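Only a predicted model underlies this, so the values are computations on that prediction, with no experimental measurement involved. Just so you know, residue 1 is the first one in the sequence shown, and it goes up from there.
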Amino acid sequence: MITFPLQRKRRQLVGLCFGSAIMTVVLGLLKLLVLPAALDLTLSLLIVLGLVVSFLAMLQLLQGHKLGISDGPDAELDERQLQVRNLAYLNAYRILAALVVLLLAGASVFWVYVRQLPDSIALTSFFWLIILTAVALPNALLAWLEPDPVGA
């Protein structure tokens, strides 16, 4: 019998994935705006560590068949699973659109007030958040919302 991770474990994986991605963005902002150059190497290493952790967690999220979530071809899903999956994709791309708009607005404000291009490692953290969200958010929503099987 195949056992799937319970909802608590799936939620921990989602939190790890997006928590580390958000951490990289916050560290990128700190690197750009606040902290002195003496901490530059330390922040860069923390950003790279956050990127690696979020990437590894994203790879786990993309394996929906191992998480027990309904993310397969239409023919393999029943009506409830199909409806839940389609709703998760709709909500995921609404969140992604809002995130992209907020990041572009923040970037334009940064450009107006600072008048310089940001550091490449800081830019990497912003782009990583967008890419991670685009790829993993539908499965993350499914992993977060899908209830535990009856009797688990």
Side-chain angles (χ1 to χ4, degrees), residues 1-34 42-112 118-152:
M1 178 177 176
I2 298 174
T3 59
F4 295 112
L6 296 178
Q7 188 180 49
R8 179 176 48 87
K9 290 287 186 189
R10 292 191 312 260
R11 286 185 175 185
Q12 288 173 351
L13 182 62
V14 170
L16 179 66
C17 182
F18 289 100
S20 58
I22 290 170
M23 179 196 74
T24 62
V25 170
V26 169
L27 289 174
L29 285 173
L30 286 175
K31 189 173 185 300
L32 285 174
L33 302 175
V34 179
T42 305
L43 280 177
S44 295
L45 290 174
L46 285 174
I47 289 171
V48 169
L49 177 67
L51 292 174
V52 169
V53 168
S54 61
F55 180 74
L56 293 175
M58 179 193 68
L59 289 178
Q60 291 295 313
L61 276 176
L62 291 178
Q63 297 176 351
H65 61 280
K66 291 183 180 179
L67 295 175
I69 58 176
S70 53
D71 186 36
D74 291 352
E76 295 178 7
L77 304 176
D78 64 18
E79 291 174 5
R80 185 199 69 82
Q81 290 172 327
L82 192 61
Q83 193 173 30
V84 167
R85 187 203 59 189
N86 291 343
L87 184 61
Y89 273 85
L90 176 69
N91 289 333
Y93 292 117
R94 284 180 179 164
I95 292 170
L96 177 64
L99 178 67
V100 168
V101 167
L102 287 174
L103 284 176
L104 288 176
S108 64
V109 167
F110 180 80
W111 177 257
V112 166
D119 190 333
S120 63
I121 191 81
L123 267 180
T124 302
S125 66
F126 292 115
F127 286 121
W128 178 253
L129 181 64
I130 292 172
I131 291 168
L132 175 76
T133 304
V135 173
L137 191 58
N139 277 8
L141 286 175
L142 286 171
W144 189 272
L145 298 174
E146 194 69 19
D148 288 335
V150 177

(request) Could you check L13 against R10 for side-chain contact (heavy atoms from CB on, under 4.5 Å), going step by step and ending with a plain yes or no? (result) CA-CA 5 Å; L13 182 62; R10 292 191 312 260; 5.6 Å; no

(request) Tell me, with the steps shown, if V52 and L56 meet side-chain contact (heavy atoms from CB on, under 4.5 Å). (result) CA-CA 6 Å; V52 169; L56 293 175; 4.1 Å; yes

(request) Using the salt bridge (charged side-chain N to carboxylate O under 4.0 Å, His left out) rule, take K9 and E146 through it: C-alpha gap first, then chi angles, then the decisive distance, then the call. (result) CA-CA 12 Å; K9 290 287 186 189; E146 194 69 19; over 6 Å; no

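With sequence neighbours excluded, the residues forming a side-chain contact (heavy atoms from CB on, under 4.5 Å) with N86 are L82, listed by chain and number. Partners of F55 according to the ring-ring contact (aromatic ring centres under 6.0 Å, His included) rule, which considers only residues two or more places apart in sequence or in another chain, are W128. Not counting sequence neighbours, the partners of Q63 by the side-chain contact (heavy atoms from CB on, under 4.5 Å) test are Q60, H65, K66. With sequence neighbours left out, the side-chain contact (heavy atoms from CB on, under 4.5 Å) criterion links T133 to F18, L96, L99, L129, L137.
A distance of 10.0 Å separates CD1 of I22 from SG of C17, quoted to the nearest 0.5 Å. The line from CE of M58 to CD1 of I131 is 9.0 Å long, rounded to the nearest 0.5 Å. Taking CZ from R11 and CG from L6, the interatomic distance works out to 12.0 Å, rounded to the nearest 0.5 Å. Taking CG of L59 as the reference point, atom OG of S54 lies at 10.0 Å (rounded to 0.5 Å).
The minimum heavy-atom distance between A143 and V14, with the atom names listed, is CB-CG2, 4.1 Å. Nearest heavy-atom pair across A136 and L61 is CB-CD1, 4.3 Å. Heavy atoms only, all atoms of each residue included: A134 and Y93 are closest at O-OH, 3.6 Å.
Two residues are said to be in side-chain contact when any heavy atoms from C-beta on lie closer than 4.5 Å; N91 and L87 meet this criterion.
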